Each structure stands twice: as structure tokens, then as C-alpha cells.
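Bear in mind the structure is a predicted one, so any value in this text is a computation, not a measurement. Throughout, protein chains are lettered first and strands after them, A, B, ... in sequence-line order, and every chain is numbered starting at 1.
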Amino acid sequence: MKKLTEHLQYNWWKYLALPLASILLWSLLFSAWDRPDSEKTVVMDYFGSDMDAEGLNEMLSENASSISHIALEQILLNPVTYPDGQLYQLLQTRPITSDLLILQESQLESLSAENCFPEIPADALEAAVGRKDLDYFIVDGKIYGIYLDVSAAEPSRFSAFYKGTERCIAFFSPYSENLYGLYGTGDTANGAAMDVLLYLLEEA
Amino acid sequence: MKQTTLGMPHNDYRERINRKRVLFFSVLALMVLCHILLCLWKTPENRGWLLWANILTDVLGGWFLLYYQGCVIKPMAALLSSCGQVRESLRGKIQHVEARTQRVGGIDCYAVTVDCRESRVVFLSADSGIVLQCGQMVLLGISANYIVEVEWL
């Protein structure tokens, strides 16, 4: 007992540090482990207003397994808030972690889309998707985005959760791994983000 | 009567330490195995308690290893390294034995004052099992100021 007491006098901090280090280590490991693979996750940043993000996310989660040819584990529309007039700065400085960025048409008045978003290579996109009836957002003859509502007569799944009157446009992230490798990242066979986009464009 | 601090030959004592080390590494391997099994078993449903099971494995196993290394293996290894060849002999009367131990070179020792031509303080490991009492006439084998062997005269 005396030996143990003396041992603890010199080494008590090790006995205290061990549980703390263990909790920290295993919490980090488990959260990293539980995080879905980026190739099996589609995230959309939504910069506008008037959107029932919760409802849309619920619907997307329920159908996650059937939306894409990739077995998606998570599809998430992430509403992004920002101070008035700061959208351009936000897009320039914020690290892009999403696959798609959705903006309302009026938000593009304060920034030039061609400076903020990458051009969508139409030929490569159509070769991968095989669908030409998409409503593109075009600047100087180049495609930068895709409108999310095809027509008012045929409300899309996206429109069912969107309460605004302005049109919304989806832009691609050059860092996405789920866009058929259009920008040199990810597998060229993985178009999960495009599948989600097409799913949202379909009639409700 | 003669007694060594180790109480047995050096090689036997070294063997004894090695056996303790085998136990130490066995517990370590068991912990790793336990973690592997727990992680293989992980599902989204049992995630919460498996996290705590892993932490508990670390804490209990880690505490045992800390205790075993600090209180068993390290003192034994330090004692073995201190009990080298007898460098000098000291004949005299035990004048005083400290009641409390003090840590000298990582070993818990009793300070022993021996009266030979002049008073001299040497150290006796608390783990040695040797009991010295004041007034006893002894012949001490000393190595680096540690008592290695004692012969009662």
C-alpha cells in the first residue's frame, strides 16, 4: 500500500491523463469513422431564402438509396447565411466543401457568376448525363449553371419545397468528387451530385 | 549468515523480470485484440456503448500497465542494475537505519549509517527483504553506495 501511495505521488498525472486522452482519441476516431465517405455524400449549399430545407432534406434522406446509381449514404441541403452584401466575399473566401451551390437569380446581380463558379463543359456533361433539355444559365455563350425549375406548369421536386418566386440556379463545385470527374476530381463514373440535381428537377 | 539484496543469483532475477515483462506485453496485446474485436463488432446501433467500451478498455488496461511498470518492473530492473559486482566491503556496526524510505536513483531505499573507522551512509533497497537493526556487526558488500550483500558477524 505504501509502495502504491509513493508511486501515485510521482505518477498521479499519468493516471489522470490516460482517461482524458482515451476519450479524446476514441471520440475523434469514431466521428471520423462515422462520417460518410465523400463519394457517398452529396451536399448542396443553399445561399437563398424561402426554402423548406428541413422538408427537402427529409425527402432526400428517405429516397437516398434510390436517387443515384451510387449507394448514397447522405444527401444534404445546407442553408448558408451571410451578412448582407457579403456574398461575393463569402464565395471567394469560404472553403467550398459542397458539391453544388444553389443561388437565387437576384443574388447574381451583386457578383459575376463567371468569376465565382467554374464553367460547365457542356459536351462532357451531356455525354455523361445524356439529357439536353436542361435549362442552362449561360454567360457569354458558356454554361455556368442549371436552373432548378424547368417550367411553372410542371413544378419540380425542388419547387415543392421552394416558396420563393425567383428562379434558383445550381452551380457546380470544382472540388466535387461526384460530378463525373468534370473538374479532374473524383471518379469519372461517379455522377451522384448530378443524379441528385436531376432528381430535384423531375416532376414532383 | 550472508544474504544478497536480490535474494537470488543475478540470472534468476533477470529471468524473473523477463517473466513480468511477458505479462506486461500480453496485457498490451490483449488490449489491442479487444479493441480490434470491439471495432469489428461496431454497428450504428451499438456505436454509443462501443465507444465507451473502447475507452474503458484503455483506461483499465492502461492503469494496470502503468501500475505494473511503475511498481513492479521498474523497481526490479533498477534494483538489478544497482546490484552489480561488489566494488568494496565495509565492516562495522549499524549505527542508524532511517525509518522512512527515500528515492535514490529510482529505487526506494533506507539510508543506513554504518560506523566503521568513520560514519558512512549507504543505501539498502526497501524491496530487498533484508532487515538491519542498530547495533548489529555486519560486513557489507557495496556497489555504487548501494548495499548488495550483507553478512552478519
Visitor: Indicate whether the side chain of B/E149 and that of B/T4 have a donor and an acceptor atom separated by less than 3.5 Å.
Guide: no
Visitor: So what's closer than 4.5 Å to chain A heavy atoms on B/K74: side chain, backbone, both or neither?
Guide: neither
Visitor: At a heavy-atom separation under 4.5 Å, does B/T57 approach chain A through its side chain, its backbone, both, or neither?
Guide: neither
Visitor: Heavy-atom distance under 4.5 Å to chain A: side chain of B/R103, backbone, both or neither?
Guide: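 B/R103 touches chain A through side-chain heavy atoms alone.
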Visitor: Report yes if some heavy atom in the side chain of A/E177 is under 4.5 Å from a heavy atom in the side chain of A/D187; otherwise report no.
Guide: no
Visitor: Are A/Y46 and A/V80 side-chain neighbours, meaning at least one heavy-atom pair lies under 4.5 Å?
Guide: no
Visitor: Are more than 12 heavy atoms, taken from residues, nucleotides or ligands other than A/E54, located less than 6.0 Å from that residue's CD atom?
Guide: no
Visitor: Given that the side chain runs from C-beta out, which part of B/N54 has a heavy atom under 4.5 Å from chain A: side chain, backbone, both or neither?
Guide: both
